[in-house]
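For reference, positions follow the sequence shown, starting with 1. These numbers come from the heavy atoms of this one structure, side chains and all, not from hydrogens, waters or symmetry mates. Computed from a prediction, not measured in an experiment: that's the story for all the values here.
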Amino acid sequence: MIPLEEARAHVLAGCPPAATHPVALADARGGVLAEAVVAAAAVPPFANTAMDGFAVRAADTTEASDDAPVALRIVGTLRAGMAPGAALDRPLAAGEALRIMTGAPMPPGADAVVPVEATEVAPDDRTVQVGEAAAPGRHVRPAGDDLQPGDAVFAPGTVLGPAHLGVLAGLGRTEVLVHRRPVVGVFSTGDELVPPGRPLAPGQIHDSNRLALLAAVADAGFPTVDLGLVPDDEGAIAGTVAAAVETCDAVITSGGVSMGDFDYVKVVLDRLGAMRRMQVAIRPAKPLAFWTVARPGGSGSVPVFGLPGNPVSSLVSFELFARPGLRRMAGHGDTDLDRPIVRATAGEPFGRRPDGKVHFVRARCRWDDAIGGFRAVSAGAQGSHQLRALADANALVRLPDGSGVGAGDPVDVVLLG
């Protein structure tokens, strides 16, 4: 057996970051930025009001109070989207006020805004009683208050979320350069497998891994291609792989990578690419195979993840190896490849026997106010074929080789959700 870290390093080495391409902002959410973004203009581009109210000269309101309001003459109305000159073609003069709406540009001569709640307009709509003093700059957003020209906005490697896209749109950008997200093909192998919805003959089971892995890939943010259910036949497997590497950037297989006489996936891929079959010192998900298969025409290589066929092993192996590899291909940095790991308190004993492996226990992890930290308990049965406990889990408790931990002991927990 080889250590988890060695197997992981081998996989990541075969998953270099993908090429970059420009995408429209509407399609960039979740993408990894491949350029440095620098502000080309001020944001906001002009001083504007943060409140509905009246633009005034602060000096005119110095003596204003709720008990002794100051009367100012209303000289116009300025809405958002209007140029200042559309409401008043000169600077605001002493004793004047301009009705103004949130987001409208500050008119020349005005240096403060009195919110509408602190004012009372006369019935003839010609004067306004101002009931509070306004200091210069009150409720005014200066030009460049968010960004100044030349500001470094986002660095390469930034994962673009909704606020990032809003900032880019505010800068007037319509597209952004990101790393391509790998298109991932998934297929299952096994003569014993039958698609869901079809009756089972003796010795058969429904194919659950393919749907689960397709969902896991999609949940990680990558487009998927369903390559179907492939029988234990060298020709069929070879044809599926050959077609996949022409259209997919990565391929995930389930089953056919162990030591059995009919595990043909490893046979086919050993012939097609640079393959390493590993027995990793972990439980579950000990068997793992990883290949890089050259694309036709010499346009790079496609990583192929050969995951074990047991349902739990398949998904745990995806979390430990395939998901980090795909994220690296998508441009994520080495410190951003894995799920978060937190320190938690064992809510019950997690027993095990020394066997030279790291165990990953399906668990439920929640914040516990009583202990001021996370608390983890088992999610149920831990057999590699017992998928229900993984469905009920939101975490994996990582148990190093040894005899386990007792209730109340600290444990490292991989958060899955």
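- Asp368 places a side-chain N or O within 3.5 Å of a backbone atom of Ala370 that can act as its donor or acceptor partner.
- A donor-acceptor pair is defined here as one N or O able to donate and one able to accept, closer than 3.5 Å; such a pair exists between the side chain of His206 and the backbone of Arg198.
- When side chains are defined from C-beta on, Glu5 does not count as touching Val358, because their heavy atoms never get closer than 4.5 Å.
- Counted within 6.0 Å of CZ on Arg323, heavy atoms from surrounding residues, nucleotides or ligands total more than 12; the atom is thus considered enclosed.
- Between Pro195 and Leu229 the shortest heavy-atom distance is CD-CD2, 3.8 Å.
- The CG atom of Asp27 sits 12.0 Å away from atom CG of Leu160, with the distance rounded to the nearest 0.5 Å.
- One side chain, Asn48 or Arg141, offers a donor N or O that lies under 3.5 Å from an acceptor on the other.
- Residues Glu192 and Gln204 form no side-chain contact, since every pair of their non-hydrogen atoms from C-beta on lies 4.5 Å or further apart.
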Checklist entry - Are Leu193 and Ile205 close enough, and set up right, to give a side chain to side chain contact (heavy atoms under 4.5 Å, CB included), and what steps lead you there? => result CA-CA 5 Å; Leu193 300 179; Ile205 60 173; 3.6 Å; yes
Next on the checklist: The test is side chain to side chain contact (heavy atoms under 4.5 Å, CB included); show your working for Lys357 and Lys286 and say whether it passes.
Outcome noted: CA-CA 9 Å; Lys357 302 174 186 175; Lys286 181 178 75 171; 4.1 Å; yes
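- By the 4.5 Å heavy-atom criterion applied to side chains, Pro115 and Asp52 are not counted as neighbours.
- Side chain of Arg328 to main chain of Cys15: a donor-acceptor pair is present (N/O by atom type, distance under 3.5 Å, no hydrogens or angles).
- For the side-chain contact (heavy atoms from CB on, under 4.5 Å) test with Leu415, the passing option among Ile341, Val342, Asn394, Leu396 is Val342; the others fail.
- Side chain of Asp409 to backbone of Gly406: a donor-acceptor contact under 3.5 angstrom is found.
- Using a cutoff of 4.0 Å between basic side-chain nitrogens and carboxylate oxygens, Asp412 and Arg343 are scored as salt-bridged.
- Salt bridge status for Arg57 with Asp111: absent, with no side-chain N to carboxylate O gap under 4.0 Å.
- His10 places no side-chain N or O within 3.5 Å of a backbone atom of Ala7 that could act as its donor or acceptor partner.
- Looking at Arg173 and Glu35, a side-chain N of the basic residue comes within less than 4.0 Å of a carboxylate O on the acidic one, giving a salt bridge.
- The pair Asp125-Arg99 meets the salt-bridge criterion, since a charged nitrogen lies less than 4.0 angstrom from a carboxylate oxygen.
- Residue Ala389 comes nearest to Ala381 through the heavy atom pair CB-O, 3.1 Å, listed as atom of the first residue, atom of the second, then distance.
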Checklist entry - Could you walk me through whether Asp249 and Arg180 pass the salt bridge (Lys or Arg N to Asp or Glu O under 4.0 Å) check? => result CA-CA 10 Å; Asp249 302 301; Arg180 289 187 65 252; 3.6 Å; yes
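- Judged by distance alone, with hydrogens and angles left aside, the side-chain atoms of Asp66 form no donor-acceptor pair with the main-chain N or O of Glu132 at under 3.5 Å.
- Atoms OG and CZ, from Ser403 and Arg352 in turn, are 8.5 Å apart once rounded to the nearest 0.5 Å.
- The two residues Val302 and Arg295 make their nearest non-hydrogen contact at CG2-CG, 3.6 Å.
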Item to check | Intermediate values then yes/no, side chain to side chain contact (heavy atoms under 4.5 Å, CB included), Thr20 and Val178 | outcome: CA-CA 5 Å; Thr20 63; Val178 298; over 6 Å; no
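- Closest heavy-atom contact between Pro22 and Leu177: N-CD1, 3.7 Å.
- Closest approach of Val140 to Ala112, counting heavy atoms only: CG2-CA, 4.0 Å.
- How far CG of Leu4 is from CZ of Phe321: 5.0 Å, rounded to the nearest 0.5 Å.
- Interatomic distance, Leu390 CG to Arg362 CZ, rounded to the nearest 0.5 Å: 6.5 Å.
- Of the charged side-chain nitrogens involved, at least one lies within less than 4.0 Å of a carboxylate oxygen, so that Glu319 and Arg339 count as a salt-bridged pair.
- With contacts defined as side-chain heavy-atom distances shorter than 4.5 Å, the pair Val411/Thr345 does not qualify.
- Here the closest non-hydrogen pair linking His139 and Val113 is CD2-O, 3.3 Å.
- Salt-bridge formation is not detected for the pair Asp338/Arg327: no Lys NZ or Arg NE/NH1/NH2 atom is positioned less than 4.0 Å from an Asp or Glu carboxylate oxygen.
- No donor-acceptor pair closer than 3.5 Å links the side chain of Glu120 to the backbone N or O of Val130.
- Using modelled atom types and a 3.5 Å distance limit, the side chains of Asp207 and Ser188 yield a donor-acceptor pair.
- The backbone N or O of Ala18 lies less than 3.5 Å from a partner atom in the side chain of His179, making a donor-acceptor pair.
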Item to check | Audit row: Phe290, Phe305, ring-ring contact (aromatic ring centres under 6.0 Å, His included) steps and yes/no | outcome: CA-CA 5 Å; Phe290 182 76; Phe305 302 87; 5.3 Å; yes
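- With values rounded to the nearest 0.5 angstrom, Met106 atom CE is found 8.5 Å from Leu92 atom CG.
- Taking the side chain as every heavy atom from C-beta outward, Met101 and Leu78 never approach each other to under 4.5 Å.
- Counting only heavy atoms from C-beta outward, the side chains of Asp151 and Val38 never approach each other to under 4.5 Å.
- A donor-acceptor pair under 3.5 Å is absent between the side-chain atoms of Asn310 and the main chain of Ser313, judged by distance alone.
- For the pair Ser254/Leu213, a side-chain contact is recorded, criterion being any heavy-atom separation below 4.5 Å from C-beta on.
- Using a distance-only test at 3.5 Å, with no hydrogens or angles considered, no donor-acceptor pair links the side chain of Ser317 to the main chain of Ser314.
- One distance of note links CG of Leu326 with NE2 of His332; it measures 10.0 Å at 0.5 Å rounding.
- Residues Thr189 and Asp232 are in side-chain contact: their nearest non-hydrogen atoms beyond the backbone lie under 4.5 Å apart.
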